[in-house]
Participant: 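Okay, here's the structure, questions in a sec.
Lettering of chains follows the sequences in order, A, B, ..., and the numbering in each one begins at 1.
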Number of protein chains: 2
Amino acid sequence: MKNASITTIADKVFENLCSAIVKGEIPAGSKISEPELSIRLKVSRASLREAIGRLEACRLVTRKANIGARVVTLSQQQLIEIYQVREALEGMAARLAAQNCTEEEVKKLQRLVEHHTQEANTIDGASYFQKTGDQDFHFHIVQSSHNQHLINLLCHDLYHLMQMYRYQYGRASHRAVAATEEHRYVMNAITDGDGEMAELLMRNHIRKSRLNIEQLLESQAQTQVQA
Amino acid sequence: MKNASITTIADKVFENLCSAIVKGEIPAGSKISEPELSIRLKVSRASLREAIGRLEACRLVTRKANIGARVVTLSQQQLIEIYQVREALEGMAARLAAQNCTEEEVKKLQRLVEHHTQEANTIDGASYFQKTGDQDFHFHIVQSSHNQHLINLLCHDLYHLMQMYRYQYGRASHRAVAATEEHRYVMNAITDGDGEMAELLMRNHIRKSRLNIEQLLESQAQTQVQA
DNA sequence: TCAACACTATCTGTCGACAATATTGTTTTA
DNA sequence: TAAAACAATATTGTCGACAGATAGTGTTGA
């Protein structure tokens, strides 16, 4: 069920590098040397280059002709940009989900929110559950939009970058309970088939996440100045 | 000024194929044979495959392992999906442009709208000017958002697909004057720095384009049934 | 006649080698 | 000594060839 389409060497290398970059094992901003990596991974440069091309497609690396590939550098600015894009796209996804999703999808969404609510309330250090739970929720709504372009953009292209920021910026969310509450509002709007409201609430939810992170980064910057 | 970064063979091949696909010279849905194309274009399969990879990244072709690449098939459904994505993204772009754009960008936007208004009013069969004028307008606003992710998504990834639909679906727009009018509204909101309003108006504008096209396709389908 | 299988041909995936470009280090010159 | 020109080195881009997979064809058997 999981990743049934990993057949070629290039696929495996891509998965490898993608994971390594997201987790920071290959540092942000570092150069990707084709000869070195092809030796270390024991694959030809052709397969490696294919994989690097796909990394470029989902913006985990940038390439320049005759110079090479570099892992993207994470910046506060870029993180904010991603949240702005997410606000727009996932807002639309929520609207379309409210209009198009099936009975089963609604039920699954309700189960998800129920599940996460319990976790957020019972478990104290709910960071892990909160993270994946949050991802599940957003992922499921995007899928329920039934707009394949939206799904590709959010679940394939932007997904890895978002994960990368989560891994490396950490994000100790104090918003677990509040976020779960907001999820419930979005869920209700989708259940009611109210696209307009679903979009509004989803955008509100993501905007608050962004503002929370901006604030967090702000305070971190001040702490660093003090230290 | 134009395409200063076409240096490698793969770049040229990509530009070639991209243009050919957009214009329909390589028919939608047709298979892309690597041996055949590499001979016809007189390049190695490595360069060709690099180019095909980039075509896949901007969704002009789809690839399956061990089977090959196919030009995307244009469907009414997909066109609608693209417009929904555009509505979300360009709406956000307009909002950000209103907040972030420079004095020069505002002035250029005003010149653009002024120019297009004259064309739309004076020239009768304004389809050509309307098309490129429309593109210029939207392109400029996206650039003015100063959100690099947004710019990449709209001006690189989605751009070619949109062009492909314009070429092959034709679109005899009866909305030239109305659209130009809507452009003016958006421009005013951006000039005022009213992000909320700019987003609203831009979304409205794109939504109307979508509805217009849906209606057009509807009537075409009926005509075909009658014939 | 049709279905299943084997075989062939063709295509994609992968590899190692060569060519072109960029980077580094050294020498030369003002 | 500093800067420019050059040489050496390493890296990326490109190529042709081989390996593995797929699809089509023909054959065989019920």
Side-chain angles (χ1 to χ4, degrees), chain A residues 2-21 25-73 156, chain B residues 2-21 25-73 156:
Chain A
K2 181 185 164 192
N3 290 327
S5 56
I6 299 185
T7 54
T8 73
I9 293 179
D11 283 326
K12 292 168 197 160
V13 173
F14 170 76
E15 289 288 326
N16 247 340
L17 292 180
C18 191
S19 167
I21 289 174
E25 293 165 10
I26 302 176
S30 64
K31 178 152 172 28
I32 292 185
S33 166
E34 293 182 8
E36 183 203 323
L37 258 184
S38 67
I39 291 171
R40 225 178 61 194
L41 300 179
K42 288 170 187 139
V43 296
S44 74
R45 275 184 56 222
S47 302
L48 178 61
R49 281 170 66 84
E50 167 82 27
I52 292 176
R54 293 190 216 170
L55 290 174
E56 188 188 19
C58 55
R59 320 225 183 270
L60 289 179
V61 308
T62 55
R63 266 165 94 187
K64 286 180 185 170
N66 291 314
I67 292 177
R70 277 191 177 281
V71 179
V72 290
T73 54
H156 298 152
Chain B
K2 181 184 163 190
N3 290 325
S5 57
I6 299 185
T7 54
T8 72
I9 293 178
D11 283 325
K12 291 169 197 157
V13 173
F14 170 76
E15 288 288 326
N16 247 341
L17 292 180
C18 190
S19 167
I21 289 174
E25 293 165 10
I26 301 177
S30 63
K31 179 153 172 29
I32 292 184
S33 166
E34 293 182 7
E36 182 203 324
L37 258 184
S38 67
I39 291 170
R40 225 179 61 195
L41 299 178
K42 287 168 189 145
V43 297
S44 73
R45 276 185 53 223
S47 302
L48 178 60
R49 282 171 65 84
E50 167 83 26
I52 292 176
R54 292 189 217 170
L55 290 174
E56 188 188 19
C58 56
R59 320 228 182 267
L60 290 180
V61 307
T62 56
R63 268 167 91 185
K64 287 180 185 171
N66 291 315
I67 292 177
R70 278 191 176 282
V71 178
V72 291
T73 55
H156 298 153

Participant: Could you tell me which residues satisfy side chain to side chain contact (heavy atoms under 4.5 Å, CB included) with Ser19(A), sequence neighbours excluded, listed by chain and number?
Facilitator: Lys23(A)

Participant: Within the 4.5 Å heavy-atom criterion, are Val72(B) and Thr62(B) side-chain neighbours or not?
Facilitator: yes

Participant: When the C1' atoms of the five terminal pairs at each end define the local axes, what inter-axis angle does the helix from dT1(C)-dA30(D) to dA30(C)-dT1(D) show, to 10 degrees?
Facilitator: 10°

Participant: Does Arg63(A) have any side chain to side chain donor-acceptor pair (under 3.5 Å) partners at least two apart in sequence or in another chain, and if so, which?
Facilitator: none

Participant: Please identify each residue that fulfils side chain to side chain donor-acceptor pair (under 3.5 Å) with Glu25(B), with sequence neighbours left out.
Facilitator: none

Participant: Residues two or more places apart in sequence or in another chain: which of them pass side chain to side chain contact (heavy atoms under 4.5 Å, CB included) with Thr73(B)?
Facilitator: none

Participant: Could you encode protein contacts along nucleotides 9-23 of chain D as a string, one character per nucleotide from 5' to 3', using B for base contact, S for sugar-phosphate-only contact and - for no contact, with a heavy-atom cut-off of under 4.0 Å?
Facilitator: ---BBBB-B---SS-

Participant: Using side chain to side chain contact (heavy atoms under 4.5 Å, CB included) as the criterion, list what pairs up with Ile9(B), not counting sequence neighbours.
Facilitator: Val13(B), Val43(B), Ser47(B)

Participant: In residues 50-57 of chain B, what donor-acceptor pairs under 3.5 Å come from side-chain atoms, sequence neighbours left out?
Facilitator:
| residue | atom | partner | partner atom | Å |
| --- | --- | --- | --- | --- |
| Glu50(B) | OE2 | Arg54(B) | NE | 3.3 |
| Glu50(B) | OE2 | Arg54(B) | NH2 | 3.2 |
| Arg54(B) | NH1 | Asp11(B) | OD1 | 2.4 |

